[in-house]
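What follows is a short report on a single structure.
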Amino acid sequence: MEETEGTQAPKFHSDPVMRDEGDKMVMICSVTGKPEPKITWFHGDKEVKKDKKTKIDKDKEKDKSKDETFWVHTLTISEPKKENAGKYKCVAKNDMGDLTANFTLSIGAPEGSGDITPEFIGKPEIVQGDKKITLQCKVKARPEPEVKWTRDEEPVKEEQRLKITKTNEGGDVYLLKLEITEPGKGDGGKYKCTASNKYGVLNANLSINYG
């Protein structure tokens, strides 16, 4: 349909982008158009629907320099897995035309690269001694993973009683430990060990309960 005064086919207000935010991937499409374009997200040929891990958002914005209204459409995938990998499309359509933005989501290390997405070797565990509790997990990864520990969502900081270690046991295997000396009720809570490299994020949840 030919554009007339007051109508406009969908156009990008800015370049589509995909952001890696650690435990989630975010795809962003900012579009203009009159009437407002309808947006549909696709994974391959299948329309993307909201669920616990998939969030679809829309925000209306105003570009004062151009006196132009645009809409920011966002597809967020939390803790993406291999089944989330592949080609995505953001399709904007109104009566004047349509527009497509293409994204490619890669999960894990490329085949043949020798690199390794973080994975557990065995189960995370809590080892109790006489005057010490050790939370530990064994992870295989290449490149070497970055490691973070949290307790009740707050970062764990090393101090005299708390020791954090990462030991390379060979073969891209790392033993990750959080040692608590002379533990007390104040050390109870939900702990999380996060190991990440550029190919993925791995979380281990461990709880210390004192009743």
Side-chain angles (χ1 to χ4, degrees), residues 15-30 39-59 72-91 101-126 135-157 164-166 168 171-178 188-209:
D15 290 339
V17 295
M18 182 164 65
R19 292 203 308 257
D20 182 350
E21 297 187 358
D23 61 348
K24 58 188 176 185
M25 296 297 298
V26 182
M27 303 174 214
I28 304 169
C29 251
S30 299
I39 298 293
T40 309
W41 290 91
F42 292 92
H43 180 200
D45 295 324
K46 187 177 179 181
E47 183 177 348
V48 177
K49 301 290 187 181
K50 290 183 181 180
D51 59 30
K52 289 182 179 179
K53 291 180 57 181
T54 306
K55 189 177 179 184
I56 298 174
D57 292 306
K58 178 183 79 170
D59 291 307
V72 181
H73 293 268
T74 307
L75 173 63
T76 303
I77 302 173
S78 299
E79 298 182 351
K81 306 295 184 185
K82 285 191 175 181
E83 58 265 27
N84 300 120
K87 296 185 181 299
Y88 286 79
K89 291 189 296 186
C90 174
V91 179
N102 296 301
F103 302 87
T104 300
L105 178 57
S106 300
I107 304 295
E111 290 186 21
S113 69
D115 288 341
I116 303 168
T117 304
E119 58 185 54
F120 288 123
I121 304 295
K123 292 183 178 180
E125 60 181 351
I126 297 176
L135 292 75
Q136 63 184 41
C137 55
K138 195 173 288 190
V139 172
K140 188 172 186 178
R142 183 192 293 174
E144 179 179 342
E146 293 184 10
V147 180
K148 296 178 183 177
W149 287 88
T150 60
R151 180 173 73 90
D152 296 333
E153 305 298 328
E154 294 294 325
V156 174
K157 296 181 180 180
I164 296 172
T165 58
K166 176 175 64 175
N168 186 339
D172 300 307
V173 175
Y174 298 84
L175 180 60
L176 315 178
K177 286 186 178 183
L178 170 59
K190 295 180 179 180
Y191 288 79
K192 180 190 288 186
C193 176
T194 300
S196 63
N197 64 16
K198 63 182 179 179
Y199 298 115
V201 179
L202 189 66
N203 292 307
N205 295 308
L206 298 157
S207 293
I208 297 177
N209 300 307

>> Nearest 0.5 angstrom please: D57 CG to I28 CD1, how far?
In response: 10.5 Å

> Which distance, rounded to the nearest 0.5 Å, do you find between the CG of L176 and the OG1 of T165?
Replying inline: 8.0 Å

> If you take all heavy atoms of I164 and W149, which pair is closest and at what distance?
Replying inline: CG2-CD1, 3.7 Å

>> I'd like to check the ring pair (Phe, Tyr, Trp, His ring centres under 6.0 Å) partners of H73; sequence neighbours left out, ordered by chain and number.
In response: none

>> Checking K58 against V72 for the side chain to side chain contact (heavy atoms under 4.5 Å, CB included) test, could you report, in this order, the C-alpha distance in whole Å, the side-chain angles of both residues, the deciding distance, and whether it holds?
In response: CA-CA 6 Å; K58 178 183 79 170; V72 181; over 6 Å; no

> Which pairs pass side chain to side chain donor-acceptor pair (under 3.5 Å) with one or both residues in residues 192-203, sequence neighbours excluded?
Replying inline: D115-Y199, T194-N203

> To the nearest 0.5 Å, how far apart are NZ in K166 and SG in C193?
Replying inline: 10.0 Å

Please output the side-chain donor-acceptor pairs of residues 75-82 that fall under 3.5 Å, not counting sequence neighbours, one pair per line with the distance.
none

> For E21, which residues count as a side-chain contact (heavy atoms from CB on, under 4.5 Å) partner, sequence neighbours excluded?
Replying inline: R19, K24, V26

> Does CD in E47 sit with more than 12 non-hydrogen atoms of other residues, nucleotides or ligands closer than 6.0 Å?
Replying inline: yes

> Roughly how far apart are L135 CG and N205 CG, rounded to 0.5 Å?
Replying inline: 11.0 Å

>> Once rounded to the nearest 0.5 Å, what's the spacing between atom NZ of K46 and atom OH of Y88?
In response: 10.5 Å

>> How close do P118 and A141 get, counting heavy atoms only, and between which atoms?
In response: CA-CB, 3.9 Å

> For S207, what residues pass the side-chain contact (heavy atoms from CB on, under 4.5 Å) criterion, not counting sequence neighbours?
Replying inline: K190, N209

> With sequence neighbours left out, what residues match E125 under side chain to side chain donor-acceptor pair (under 3.5 Å)?
Replying inline: Q136

> Looking at E144, K138, K140, which one forms a side-chain contact (heavy atoms from CB on, under 4.5 Å) with Y174?
Replying inline: E144

>> Nearest 0.5 angstrom please: D15 CG to C29 SG, how far?
In response: 10.0 Å

> Where do F103 and V17 come nearest, in terms of heavy atoms and distance?
Replying inline: CE2-O, 3.4 Å

> Would one find more than 12 heavy atoms of other residues, nucleotides or ligands at under 6.0 Å from atom CG of D45?
Replying inline: no

>> Pair M27, W41 - check side chain to side chain contact (heavy atoms under 4.5 Å, CB included), show working.
In response: CA-CA 10 Å; M27 303 174 214; W41 290 91; 3.9 Å; yes

